[in-house]
Amino acid sequence: QVQLVESGGGLVQLGGSLRLSCAASGMIFRIYSMGWYRQPPGTQRELVASITDAGFAHVVDSVRGRFTISRNGAKNMVYLQMNSLKPEDTAVYYCNADLGGNRSIWGQGTQVTVSS
C-alpha cells in the first residue's frame with residue numbers, strides 16, 4: 001500500500017513560519033506530481049501548490065511570495081515552506097500524489113492554525 005506521511009503542522013503566530021513535509025512510501029512505480037491542498041472547516045479542499053517529477057512548480061496566487069514548494073532528489077518527498085502566515089491560512093493541509101492511471105493518494109492531513 002502506497003502511503004503519504006505528513007508532518008510539520010502546528011500553531012503559529014501571525015507572521016510566523018512553518019515547514020510541512022510529506023513522505024511517500026510503499027511500492028510506487030512513478031509519482032508524476034505531488035502537491036499540497038488545504039481545507040478550512042466547511043469549505044472545499046483547494047490546491048495550494050504542486051510540483052511535477054520534472055521539477056515544474058506552481059503556487060496559487062493567494063500564497064505566492066509567501067509559500068514555496070520543493071522536493072528532494074529522490075522525488076519521494078515534498079515540502080511546503082510557509083512564511084508570513086496569516087489567519088486566513090488556517091486550515092487542514094493535505095499532501096497529494098498523482099500516481100498516473102487515474103490514481104492519486106492523500107495524506108492524513110495536518111492542522112495549521114495561525115493566531116493573531
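When reading the values below, keep in mind they use all heavy atoms of this one structure, side chains included, and skip hydrogens, waters and symmetry mates. Small disclaimer: the values here were computed from a predicted structure and weren't measured. We're numbering straight along the sequence, starting at 1.
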Other residues, nucleotides and ligands only: do more than 12 of their heavy atoms fall within 6.0 Å of CD on Gln13?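 More than 12 heavy atoms, drawn from other residues, nucleotides or ligands, come within 6.0 Å of this atom.
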Side-chain heavy atoms of [X] within contact of [Y], under 4.5 Å:
{"X": "Trp106", "Y": "Arg45", "value": "yes"}
{"X": "Met34", "Y": "Cys95", "value": "yes"}
{"X": "Val112", "Y": "Leu18", "value": "yes"}

Roughly how far, to the nearest 0.5 Å, is the [atom2] atom of [Y] from the [atom1] atom of [X]?
{"X": "Cys22", "Y": "Gln108", "atom1": "SG", "atom2": "CD", "value": "8.0 Å"}
{"X": "Ser104", "Y": "Ile31", "atom1": "OG", "atom2": "CD1", "value": "11.5 Å"}
{"X": "Ser70", "Y": "Gln81", "atom1": "OG", "atom2": "CD", "value": "8.0 Å"}

For Asp98, the salt bridge (Lys or Arg N to Asp or Glu O under 4.0 Å) test, sequence neighbours excluded, returns none
Under a plain distance cut-off of 3.5 Å, with no hydrogens placed, do Arg38 and Tyr93 share a side-chain donor-acceptor pair? yes
Distance-only donor-acceptor check, side chains Gln111 and Thr113, under 3.5 Å: yes
To check you understand the geometry: which heavy-atom pair defines the closest contact between Ser116 and Leu14, and what is its length?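 Shortest heavy-atom separation between Ser116 and Leu14 comes out as CA-CB, 4.2 Å.
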Show the nearest heavy-atom pair for residues Leu4 and Ala24, with the distance to one decimal.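 Nearest heavy atoms, Leu4 then Ala24: CD2-CB, 3.6 Å.
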Taking the ring centre of each residue, are Phe67 and Trp36 less than 6.0 Å apart?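 No - the distance between ring centres of Phe67 and Trp36 does not fall below the 6.0 Å cut-off.
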Determine, step by step, whether Ser17 and Met82 satisfy the side chain to side chain contact (heavy atoms under 4.5 Å, CB included) criterion, reporting the C-alpha distance in whole Å, the side-chain angles of both residues, the deciding distance to 0.1 Å, and the verdict. CA-CA 5 Å; Ser17 297; Met82 304 184 294; over 6 Å; no
Scan the side chains in residues 51-63 for donor-acceptor partners under 3.5 Å anywhere in the protein, sequence neighbours excluded, and list what turns up.
unit_1, atom_1, unit_2, atom_2, d
Thr52, OG1, Ala54, N, 3.2
Thr52, OG1, Gly55, N, 3.4
Thr52, OG1, Phe56, N, 3.2
Asp53, OD2, Arg30, NE, 2.7
Asp53, OD2, Arg30, NH2, 2.6
Asp61, OD1, Arg64, NH1, 2.2
Asp61, OD1, Arg64, NH2, 3.2

If you apply the rule side chain to side chain contact (heavy atoms under 4.5 Å, CB included), what do you find for Leu20 with Glu6, and how did you get there? CA-CA 7 Å; Leu20 306 183; Glu6 298 164 309; over 6 Å; no
Quick check: is Tyr37 connected to Tyr32 through a chain of hydrophobic side chains (ILVMFWY, heavy atoms under 4.5 Å apart)? no
Quick one: is the NZ or CZ of Arg19 closer than 6.0 Å to the six-membered ring centre of Tyr79, and within 45° of its axis? yes
Between Ile105 and Asn96, does the side chain to side chain contact (heavy atoms under 4.5 Å, CB included) criterion hold? Intermediate values first, please. CA-CA 6 Å; Ile105 56 174; Asn96 172 266; over 6 Å; no
Report the C-alpha distance between Ser33 and Ser50 in whole Å, list the side-chain angles of each, state the deciding distance to 0.1 Å, and finish with yes or no for side chain to side chain contact (heavy atoms under 4.5 Å, CB included). CA-CA 7 Å; Ser33 68; Ser50 63; 5.6 Å; no
